[in-house]
Amino acid sequence: MRTIFLTGGTGFIGRQLVEELLKEDVMIFLLVRSKSKATRAFQEKGILNEAALHFIEGDLTKTDLGLSDEDKDRVSNTDVIIHAGGQMDIQATQQEATSVFLNGAKHISEFAKSIHQLKGLQQFIHVVGYMSPFDDNNSKVAIDVFKEGHDYLKIKNPYEKTKFLADLYIRQQASAIGYPLSVINPPTVVGSSKTGSTEQTAGLGLLVASMRRGLMPFIPGGKGYKLPLISNDELAKFIVQVFKLEQSSIQTYTLVQDNQLDPDISELLEVMSESMNMAAPKISVPIRFVKALMKSGISKITQIPSDGLNFITNRKFPNDSSKKIMGEDWFTKTSVMNFFPAVVADLDYRLMYQNDQHNHLFERTLIGNTVIYQIPGEGKPFILLHGLLSDGEDLFPLGLELHEKTGQPVWIPDLPGLGRSPFKREKNLLDLYLNLVKELLGKAADGAHWIGHSFGAIILLEALVREYINMKNTITLLQPPVSKRNSKSFNVPQFMNKWALKLATANSIERYLIGNGLFENTESIPKHYIAKVSNSFTSPRILNTTLQLNRFLSKDYQGDFTKVPRDKLHIIWGDHDRSYSAPLHLGEIDVVPYGHHFPLSHPRETASYIL
């Protein structure tokens, strides 16, 4: 068993790294500021292994890392140090950045020296950004980084400058003292390739935030400029592979894929725009001109600091040493572009709901780039499709009721363009959602219990018309909106137009919900629902998708259900709906005394009706 001392383990990269390291025969001492907070964070992630993971309270910015004498003794047997500490904050002041990065490098290097002199340090691994100017050829640059560093590096941004000087200092110390050093240079880190979940909103999130506010009308740099990316789970796997090596010197690993394979910034913005259901920028502007604009005051409007553009580059990066470890095709197989739309949608979602809370009973995964929430179980899964003015999380209470009553799996997608799922352009809007049904059918080979609410019910009806769903499956329709009461019903009082939605107050949303019979009364509206709907319209992705789907349902959609087998359908109808009538032509209907959104307001009763 090898012993690891890890800094930065509670961060966006660090928690993923801990999860990967715990698959090895290791004991991890994790430097944290608060044991209680760290315990909660790892409990939520489900990776709290008390036998192999030990929290050590301290502070990277303090002498001796702020460790107690007892903890110094506990970690004195460390075999490998992994230094990934320091919050990403491109706008950190000189004092803040020096304290965290330069002083942190000094204190962790002193710790490494004492370990090496005591027992021999097997390896020091340092994670530092890909734009660092230092490599194995200049690791012995003989300057005092604390006194001469600011003149040596002609970089104005304190965050970047101090991180790079910390890189140089750690190289100097490893060379002078003689322990093996591995420097890992990842590009901008985004979320997991399994989920797209990107908790670090200060990187790519700055670009998403600017785009969602309509403040990215041009392409910075244009052709040849790139914003290299890597997922945090692939980065973690790489660090673990380096940890397994027997190093004898200083080695640098740059994790930027081959230049010809990496999409340039215009392609990246095209994918981002499609994911956000927005028009893509077309005009390229030189980086130096964009920076000048930012410095003139545009940064305050876009909320992107001019130094944030430093991550967009036309440099070429050597990656042969990384390929030797992971294989020649590793960069291609692990390309972020495979799931990049899901990353963009996740960041957009987080920027809507600053205090995002996810129900941890549901596991999150991706099918294609669509987010799916799942509870495991035995038997055929219940697959729940939500409607407009909602997302997958709104059906969690219903999903939990179904699971608790049956023990069967529950799958709930965020429909494309809504919730955390990106939009994708299709010639026929409905095909976007029918393609999801086909993908889910492929995952549920033995059949499923399909439940569609409102627009989700339309999707299932169309899937039946096209004969996608066979006899292994059952279908329940909750409030299928196919029989309008009158031509104006779904548009009163012009609520469903862009500016009405963007400017809607909580009171106007509530009036619309009650006036159209989505809920039977104010008391039946779930807590936080109105605030969630209001926040969702700050997202162009959700706003534009909602408007397109509403227009499709109210004007363009003419469903022909004459071939739908009535005996296959179980229909439940809330009779407080004032926009639609019960679709008696589709078959027998169970009527309930609720509004259009009864699966959200009455999940327990709805589960009983379904079963």
Side-chain angles (χ1 to χ4, degrees), residues 187-201 203-214 216 219 226-234 257 261-281 331-353 356 364-373 386 391-393 412-440 443 536 538-546 548-549:
T188 298
V189 182
V190 298
S192 163
S193 61
K194 305 296 187 297
T195 65
S197 180
T198 305
E199 299 162 31
Q200 173 60 272
T201 59
L204 181 68
L206 292 173
L207 194 57
V208 174
S210 182
M211 176 173 280
R212 70 197 299 273
R213 296 174 64 212
M216 187 51 65
I219 303 165
K226 303 174 186 296
L227 177 63
L229 304 167
I230 191 170
S231 68
N232 65 349
D233 53 325
E234 292 299 338
Q257 70 174 335
L261 299 175
D262 211 11
D264 64 30
I265 190 68
S266 60
E267 296 173 271
L268 202 71
L269 289 175
E270 177 70 41
V271 175
M272 289 179 67
S273 300
E274 180 178 11
S275 304
M276 291 287 288
N277 201 355
M278 301 175 70
F331 287 105
T332 304
K333 290 192 300 185
T334 60
S335 172
V336 167
M337 298 312 292
N338 296 331
F339 61 96
F340 184 60
V343 171
V344 175
D346 182 77
L347 284 165
D348 177 42
Y349 191 91
R350 291 175 187 278
L351 292 166
M352 277 187 285
Y353 310 119
D356 174 41
R364 180 174 160 190
T365 188
L366 293 175
I367 294 182
N369 273 289
T370 300
V371 168
I372 313 289
Y373 304 100
H386 64 84
D391 58 31
E393 288 195 4
I412 307 178
D414 276 337
L415 295 179
L418 303 170
R420 287 185 173 90
S421 291
F423 186 76
K424 188 175 187 301
R425 296 190 182 103
E426 296 281 356
K427 287 184 179 179
N428 184 323
L429 182 62
L430 198 57
D431 285 345
L432 176 58
Y433 303 94
L434 291 170
N435 289 341
L436 171 61
V437 170
K438 287 193 283 188
E439 289 176 320
L440 290 167
K443 300 292 183 181
S536 74
T538 64
S539 160
R541 176 177 57 92
I542 293 178
L543 176 64
N544 293 336
T545 303
T546 299
Q548 285 174 252
L549 290 174

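The residues of the chain are indexed from 1 along the displayed sequence. We use all heavy atoms of the structure for the numbers below, so side chains are in, but hydrogens, waters and symmetry mates are not.
If you check the side chains of Asn277 and Gln548, you find a donor sitting under 3.5 Å from an acceptor.
The backbone N or O of Arg420 lies less than 3.5 Å from no partner atom in the side chain of Asp346, so there is not a single donor-acceptor pair. A side-chain donor-acceptor contact under 3.5 Å links Glu267 to the backbone of Asp264. A donor-acceptor contact shorter than 3.5 Å is absent between the side chain of Ser210 and the backbone of Leu206.
Note: Glu199 CD to Arg350 CZ = 5.5 Å, rounded to the nearest 0.5 Å. Going from atom CG of Leu432 over to atom CG of Leu415 covers 9.0 Å, rounded to the nearest 0.5 Å. Rounding to the nearest 0.5 Å gives a distance of 10.5 Å between CD of Glu234 and CZ of Phe331. If you take OG1 on Thr195 and CG on Asp233, they are separated by 8.0 Å, rounding to the nearest 0.5 Å. The CD1 atom of Ile542 sits 12.5 Å away from atom CZ of Phe423, with the distance rounded to the nearest 0.5 Å. We find the CD1-CG distance between Ile265 and Leu227 to be 5.0 Å, quoted to the nearest 0.5 Å.
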Q | Evaluation steps, side-chain contact (heavy atoms from CB on, under 4.5 Å), between Leu229 and Leu268 | A | CA-CA 10 Å; Leu229 304 167; Leu268 202 71; 4.1 Å; yes
Q: Could you walk me through whether Lys226 and Asp262 pass the salt bridge (charged side-chain N to carboxylate O under 4.0 Å, His left out) test, one step at a time?
A: CA-CA 7 Å; Lys226 303 174 186 296; Asp262 211 11; 5.5 Å; no
Q | side-chain contact (heavy atoms from CB on, under 4.5 Å) assessment of Glu439 paired with Leu436 | A | CA-CA 5 Å; Glu439 289 176 320; Leu436 171 61; 4.2 Å; yes
Q) Under the side-chain contact (heavy atoms from CB on, under 4.5 Å) criterion, do Gln200 and Val189 qualify, and how do the steps go? A) CA-CA 8 Å; Gln200 173 60 272; Val189 182; over 6 Å; no
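Across all non-hydrogen atoms, the minimal contact from Ile372 to Pro413 is CD1-CB, 3.4 Å. Between Leu269 and Pro281, the shortest heavy-atom distance links the atoms CD1-CG, 4.0 Å. Nearest approach of Ser539 to Asp348, heavy atoms of both residues: OG-OD2, 2.6 Å. Arg425 approaches Ser273 most closely through the heavy-atom pair NH2-O, 3.9 Å. Across all non-hydrogen atoms, the minimal contact from Val371 to Ser421 is N-OG, 2.9 Å. Residues Pro187 and Pro228 approach most closely at CB-O, 3.3 Å, considering heavy atoms.
For the pair Lys424/Pro416, no side-chain contact is recorded, criterion being any heavy-atom separation below 4.5 Å from C-beta on. Looking at Met352 and Ser536, their side chains come closer than 4.5 Å, going by heavy atoms from C-beta outward. You'll find the side chain of Leu207 reaches within 4.5 Å of the side chain of Met272, heavy atoms only. In this structure the side chain of Phe340 never reaches within 4.5 angstrom of the side chain of Pro263, judged on heavy atoms. Put simply, the side chain of Asp414 reaches to within 4.5 Å of the side chain of Tyr373, judged on heavy atoms.
Remark: of the listed residues Leu418, Asp391, Thr198, Val344, Asp391 is the sole one forming a side-chain contact (heavy atoms from CB on, under 4.5 Å) with Tyr349.
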